[in-house]
Amino acid sequence: MQIDVASTAWSEVAADWLIVGLPEGGVLDGRLVELDQRIGGTLTRLIEQKDATGKLAELVPVHVPSGVAAKRLLLVGLGKLPDLDRARFEKALMSAVRSVSSKKDVKPVIALPDGLGAAAANLSVALAAEVAATAAIVGSVGQDMLKAEPGHFALGQVGVLVAAGQEADAQAGSDRGRIIGESLNLTRELINLPPQVIYPESFAERALAVAAELGLKCEVLDRDQLVAERMGSLLAVAQGSDRPPRVVSIEYRGAAADAPMTAIVGKGVTFDSGGLSIKTTDGMLTMKCDMSGAATVLGAIAAIARLKLPVNVTAYMGLVENMINGSSYKLGDILKARNGTTIEVQNTDAEGRLVLADVLAYAVDRGASRLIDLATLTGACVVALGEDVSGAFTNNQSWCDDLLGAAKRAGELVWQLPMFDLYNDLLKSDVADVRNIGGRWGGAITAAKFLEKFVSEKPWVHLDIAGPAFASSNKPYREGGATGHMLRTLVEVAAGS
């Protein structure tokens with residue numbers, strides 16, 4: 001996508017759509033006054049008639065306005081300017097982009113609002129331009145890529161208008177936003193593609209291609225190598241599938257050789273039938289998304305590398321299918337993980353933690369100084385926090401605080417849950433070191449306590465993204481399907497490290 005930053009007057013820009021933010025409150029200011037005058041007071045009339053209120057993400061199209069070069073004008077509500085931040089501005093612009101990208105070959109121009117950094121104190125010019133670029137790239141691409149007639153069409157060219165003197169800041173922001181948007185779409189595409197297209201081998205091939213394009217070191221472990229690496233927990237999950245497992249690692253070094261190495265680890269169950277603890281049809285319908293953690297990690301390392309952040313990061317992706325055949329792992333099996341821990345299997349649908357156990361231990365053995373893992377791990381987390389909020393769990397509050405701060409800057413919702421030692425009692429087994437489920441209560445927490453046994457006391461945060469990683473329906477400001485949730489947070493963590 002071509003993104004052009006300019007300080008041209010709003011009324012003089014030729015575009016299919018001129019997207020203009022309208023603050024809530026009915027008071028026109030700055031360039032909105034000049035625009036209103038050029039179109040014969042149309043904005044004033046719309047406000048007086050309450051057809052345009054400026055409420056957040058409200059869309060009011062004005063077709064063929066006289067007095068401006070653009071063919072159509074789209075007013076998008078910004079809410080109250082003092083409340084305008086990254087998340088709210090993104091919601092507004094995503095709504096606008098999704099609206100205008102329903103037809104092919106559309107060339108919109110987004111006018112950044114006046115008052116950035118002042119009246120809208122929570123949103124700088126650079127950040128607003130970043131959000132605009134990301135929204136243009138993400139909002140115009142849907143999950144219906146395989147339909148003969150998709151509902152949205154990727155934009156080829158987008159303009160971003162700023163006040164004179166703001167061009168440099170806006171250009172830097174839009175460049176960053178382009179990278180974030182393209183990385184989000186990489187993650188979204190991998191998750192949205194069907195399981196006959198994305199499986200452990202094909203995901204690994206895509207990761208290799210991404211690493212090669214970025215000049216990054218990439219290693220792919222096949223089944224024999226996983227046996228040699230003693231990943232008995234992960235291998236057990238994979239043994240019921242005709243698709244062999246893979247573990248992928250991609251290394252980015254943007255800091256000194258002796259600087260800390262951050263590991264980001266993703267669960268990559270490319271399809272989850274539940275194994276012998278088989279899911280219902282309804283429970284299985286969206287299980288192509290059970291590799292969202294791995295897809296998010298791949299998108300994040302791509303963004304971190306393209307942004308040239310001064311940090312060392314290695315991305316790890318544990319890739320399996322959880323299927324059923326005569327070789328499927330069974331309830332009552334006792335597995336031996338890479339770090340020597342023995343695990344009693346009491347539910348084959350609690351497989352993601354078995355995959356992550358070995359990959360986390362592998363990352364520690366490879367020299368990780370601190371870890372973050374992401375996984376669509378438990379329905380219990382969705383019950384606790386709903387579909388829009390991720391759960392965070394940690395063994396190191398300082399490291400978790402860094403991540404929570406990054407999530408706030410990124411505009412992503414995450415909430416920390418407790419990790420009291422008493423939850424360990426729920427994982428006790430009579431026949432092994434630990435069992436892979438903790439019973440009915442506190443399921444998201446006992447899953448995290450299970451994972452804690454494989455990080456060797458390294459600073460670690462577990463993110464359960466089961467709710468927000470895959471949206472159940474379309475909304476005006478968001479496409480259904482894969483969201484790329486927490487990718488921005490991972491980038492912010494890296495940028496702040």
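A quick note: this is a predicted structure, and the numbers were derived from the prediction, not measured. Index from 1, following the sequence.
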Colleague: Calculate, to the nearest 0.5 Å, the distance between atoms CD1 and CG belonging to I343 and D333 respectively.
Modeller: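 Rounded to the nearest 0.5 Å, the CD1-CG separation comes to 11.5 Å.
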Colleague: Do other residues, nucleotides or ligands put more than 12 heavy atoms under 6.0 Å from the NZ atom of K330?
Modeller: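 More than 12 within 6.0 Å, yes.
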Colleague: Between W399 (side chain) and L371 (backbone), is there a donor-acceptor pair under 3.5 Å?
Modeller: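 Yes, because the side chain of W399 sits within donor-acceptor range (under 3.5 Å) of the backbone of L371.
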Colleague: So that I can tick it off, tell me whether R366 and E219 are bridged by a salt bridge, with the cut-off set at under 4.0 angstrom between side-chain N and carboxylate O.
Modeller: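 Looking at E219 and R366, the cut-off is met.
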Colleague: Less than 4.0 Å between a side-chain N and a carboxylate O, is that true for R306 and E182?
Modeller: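 Judged by the 4.0 Å cut-off on N to carboxylate O distance, E182 and R306 do form a salt bridge.
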Colleague: Using a strict 4.0 Å threshold on nitrogen-to-oxygen distance, state whether R86 and E492 make a salt bridge.
Modeller: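 Yes, this pair counts.
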Colleague: Are any non-hydrogen side-chain atoms of M287 and N322 less than 4.5 angstrom apart?
Modeller: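 They are not in side-chain contact.
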Colleague: Check D272 with K267, please: is the shortest side-chain N to carboxylate O separation under 4.0 Å?
Modeller: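 Here K267 does not pair with D272 in a salt bridge, since their nearest N and O are not under 4.0 Å apart.
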Colleague: Distance check, rounded to the nearest 0.5 Å: I304 atom CD1 versus L214 atom CG?
Modeller: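 Nearest 0.5 Å value for the CD1-CG distance: 11.5 Å.
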Colleague: Within this structure, what is the OH-CG distance for the pair Y316 and L356, rounded to the nearest 0.5 Å?
Modeller: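 Reported value, rounded in 0.5 Å steps: 14.0 Å.
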Colleague: Would you compute the distance between atom CG of N192 and atom CG of L146 and round it to the nearest 0.5 angstrom?
Modeller: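 Rounded to the nearest 0.5 Å, the CG-CG separation comes to 9.0 Å.
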Colleague: Got a donor-acceptor contact below 3.5 angstrom from the Y329 side chain to the T348 backbone?
Modeller: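 Yes; at least one donor-acceptor contact below 3.5 Å.
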Colleague: Is any NZ, NE, NH1 or NH2 atom of the basic residue among E213 and R206 found under 4.0 Å from an Asp or Glu carboxylate oxygen of the other?
Modeller: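 So E213 does not pair with R206 through a salt bridge.
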Colleague: Begin from the C-alpha positions of T187 and L298 and carry the test side chain to side chain contact (heavy atoms under 4.5 Å, CB included) through to its verdict.
Modeller: CA-CA 7 Å; T187 290; L298 179 58; 5.8 Å; no
Colleague: Does K279, at its NZ atom, have more than 12 non-hydrogen atoms belonging to other residues, nucleotides or ligands within less than 6.0 Å?
Modeller: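 Check passes, neighbour count above 12.
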Colleague: Show your reasoning for whether salt bridge (charged side-chain N to carboxylate O under 4.0 Å, His left out) applies to R488 and E130.
Modeller: CA-CA 12 Å; R488 297 175 184 84; E130 176 185 330; over 6 Å; no
Colleague: What closest approach, in Å, do D358 and R230 show between heavy atoms, and which atom pair accounts for it?
Modeller: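 For D358 and R230, the tightest heavy-atom pair comes out as OD1-O, 4.2 Å.
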Colleague: For Q196, does the CD atom have more than 12 heavy-atom neighbours from other residues, nucleotides or ligands under 6.0 Å away?
Modeller: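 Yes, the 6.0 Å shell around CD holds more than 12 heavy atoms from other groups.
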Colleague: For the atom pair CG (L463) and CD1 (I264), what is the distance rounded to the nearest 0.5 Å?
Modeller: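 It is 11.0 Å, given to the nearest 0.5 Å.
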Colleague: Would you say the side-chain atoms of T280 and D282 include a donor-acceptor pair closer than 3.5 Å?
Modeller: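 Result is no, nothing qualifies.
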Colleague: Quick one: side-chain hydrogen bond (donor to acceptor under 3.5 Å, both in side chains) partners of T342, sequence neighbours excluded?
Modeller: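 In terms of side-chain hydrogen bond (donor to acceptor under 3.5 Å, both in side chains), with neighbours along the sequence ignored, T342 is linked to D433.
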Colleague: Compare all side-chain heavy atoms of M291 with those of V269 and state whether any distance is below 4.5 angstrom.
Modeller: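 They are not in side-chain contact.
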Colleague: Not counting sequence neighbours, which residues clear side chain to side chain contact (heavy atoms under 4.5 Å, CB included) with Q2? List them please.
Modeller: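 Side chain to side chain contact (heavy atoms under 4.5 Å, CB included) list for Q2, sorted by chain: D4, Q157.
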Colleague: Give a yes or no on whether the backbone of S327 and the side-chain of Q239 come within a donor-acceptor separation of less than 3.5 Å.
Modeller: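 Side chain of Q239 to backbone of S327: a pair is present.
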Colleague: What is the distance from atom CE of M94 to atom OG1 of T134, rounded to the nearest 0.5 Å?
Modeller: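 These two atoms lie 9.5 Å from each other.
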